[in-house]
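Notes follow once the structure below has been shown.
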Amino acid sequence: MGQKKPKGLEAFESFYKEIYGDRWEALRGALCAKKKISALLNPYSKEKTSGDILWDGVLEAVSFERPSGTPSNYYLLDAASILCARALKAGPEHKVLDMCAAPGGKSLAIQFNRIEGELVSNELSRDRRTRLRRVLDEYIPKELQENIRVTGFDATTWCLHEKEAFDRILLDAPCSSERHLLETPEKLVDWKGGRSKRLSKLQYSLLASASQVLRPGGRLVYSTCSISPLENDKVVERLFKKKPEGLKLVKEKLLLGEETEYGTLILPDQSGWGPLYISIIEKH
Ligand SMILES: C[S@@+](CC[C@H](N)C(=O)[O-])C[C@H]1O[C@@H](n2cnc3c(N)ncnc32)[C@H](O)[C@@H]1O
């Protein structure tokens, strides 16, 4: 009889301790600490919002205290997510696909940065899609909404229906989301080491699909909020091991994070922002 595989908090701890070694204690502490949040300013709003400026169009909303102004003047999210959306370098001339878009923070960050342009925000879950629609309706003016389409496809099979169709694709993939797991211990009760591996298979299917839906000359950003390398570098590595024609890894220094083999990892024990993994791919 085979030995039973460990599960629960203990298995979770030993999985990440093995990856991060001595750093795990500090990283775990940062993941459990109160989340830092930033306010992405709504460029369509005429009302003024004041607060500490983090970057252009972004305020630092210190420990959940909202900046002044009405809520639709700004959208609260992790600053790392804003960097991720901006890494797409989407201009008004680009046709953009946000493949896994709900609740919509990154779709907003893409539109706020370019003011207008064609966007398809896709989300498989019906409930989450309703929330996505609500967010887009609330923040984007009516006259610009005709350029925005919300769809509900399984993005793993998008490439079977459409190839080389978008100039910019954001794939913010479903992931282990360890910060969320640590915040809700009941979700850790059944945690097993195979969970991250299983998710990495879905992430790879999504990335392989996205890479085919991208137009030559286009840019694809793959991201997750996982700290597991299986869901980050390993997914991108698997794509490049297949020597996909025309795809090139782009190494760009972002305002936050540490360089990994295939991208950038923003971890909260360093800057307080994240976690977020970002990998940039272009097609030639
Ligand atoms: C990390 S969340 C996206 C967060 C979002 N980008 C944001 O910034 O607000 C991943 C999303 O992917 C959706 N999803 C999972 N599998 C999918 C699939 N096969 N096709 C499309 N969406 C999927 C999940 O329902 C979830 O809402």
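For ligands, and for the atoms within them, numbers begin at 1 and follow the listed sequence. Being a predicted model, the structure only gives us computed values, none of them experimental.
Side-chain contact of Trp158 with Gln212: a donor-acceptor pair under 3.5 Å is absent, judged by distance alone. Side-chain contact annotation: Ser228 with Ser176, donor-acceptor N/O pair under 3.5 Å absent. There is a side-chain donor-acceptor pair under 3.5 Å between Thr156 and Asp154. If you check the side chains of Tyr262 and Asn232, you find no donor sitting under 3.5 Å from an acceptor. A donor atom on one side chain and an acceptor atom on the other are not found under 3.5 Å apart for Gln203 and Thr224.
Taken to the nearest 0.5 Å, the OH atom of Tyr139 stands 11.5 Å off from the CZ atom of Arg134. From Arg86, atom CZ reaches atom SG of Cys84 across 12.0 Å, with rounding to the nearest 0.5 Å. Rounding to the nearest 0.5 angstrom, the gap separating the CG atom in Leu59 from the CG atom in Leu41 is 4.0 Å.
Atoms of ligand 1 found under 4.0 Å from any heavy atom of Leu124 (numbered from 1 in listed order, with element): 17 (C), 18 (C), 19 (N), 20 (N), 21 (C), 22 (N), 23 (C). Heavy-atom contacts of Phe153 reach the following atoms of ligand 1: 20 (N), 21 (C) (cutoff under 4.0 Å). For ligand 1, the atoms sitting less than 4.0 Å from at least one non-hydrogen atom of Ala102 are 2 (S), 3 (C), 4 (C), 5 (C), 7 (C), 9 (O), 27 (O), numbered in the order shown with element in parentheses. For ligand 1 and Ala173, the ligand atoms under 4.0 Å from any heavy atom of the residue are 1 (C). Those atoms of ligand 1 with a heavy atom of Asp154 less than 4.0 angstrom away are 18 (C), 19 (N), 20 (N). Which parts of ligand 1 touch Ala155 is read off a 4.0 Å heavy-atom cut-off, strictly below it: atoms 18 (C), 19 (N), 20 (N), 21 (C). Of all the atoms in ligand 1, the ones that sit under 4.0 Å from a non-hydrogen atom of Gly105 are 7 (C), 8 (O), 9 (O).
Annotation: Gly104 places an N or O atom under 3.5 Å from an N or O atom of ligand 1; distance criterion only. Every N/O-N/O distance between Leu202 and ligand 1 stays at or above 3.5 Å. At a 3.5 angstrom cut-off on N or O pairs, Ser125 does not count as close to ligand 1. Considering backbone and side-chain N/O atoms, Asn122 never comes within less than 3.5 Å of an N/O atom of ligand 1.
Between Asp98 and Lys106, no side-chain nitrogen of the basic residue sits less than 4.0 Å from a carboxylate oxygen of the acidic one, so the salt-bridge criterion is not met. Here Lys89 does not pair with Glu282 in a salt bridge; the nearest charged N to carboxylate O distance is not below 4.0 Å.
Of the residues listed (His284, Glu164, Glu245), the one engaging Pro216 in a side chain to side chain contact (heavy atoms under 4.5 Å, CB included) is Glu164, and it is the only one. Of the residues Leu276, Ile278, Ile266, the one that meets the side chain to side chain contact (heavy atoms under 4.5 Å, CB included) test with Leu256 is Ile266.
For atom 7 (C) of ligand 1, the closest non-hydrogen atom on the protein side is Ala101 O, 3.7 Å. Distance from atom 10 (C) of ligand 1 to its nearest protein heavy atom, with residue and atom name: Asp172 O, 3.6 Å. At the top of the distance list for atom 16 (N) of ligand 1, counting protein heavy atoms only, stands Pro174 CG, 3.8 Å. What sits closest to atom 27 (O) of ligand 1 on the protein, heavy atoms only, is Arg128 NE, 2.5 Å. The protein heavy-atom contact nearest to atom 11 (C) of ligand 1 is Glu123 OE1, 3.6 Å. Here the protein heavy atom with the shortest distance to atom 12 (O) of ligand 1 is Cys100 CB, 3.2 Å.
Here Lys106 has heavy atoms under 4.0 Å from ligand 1 in both its backbone and its side chain. With a 4.0 Å heavy-atom cut-off, ligand 1 is reached by no atom of Ser81.
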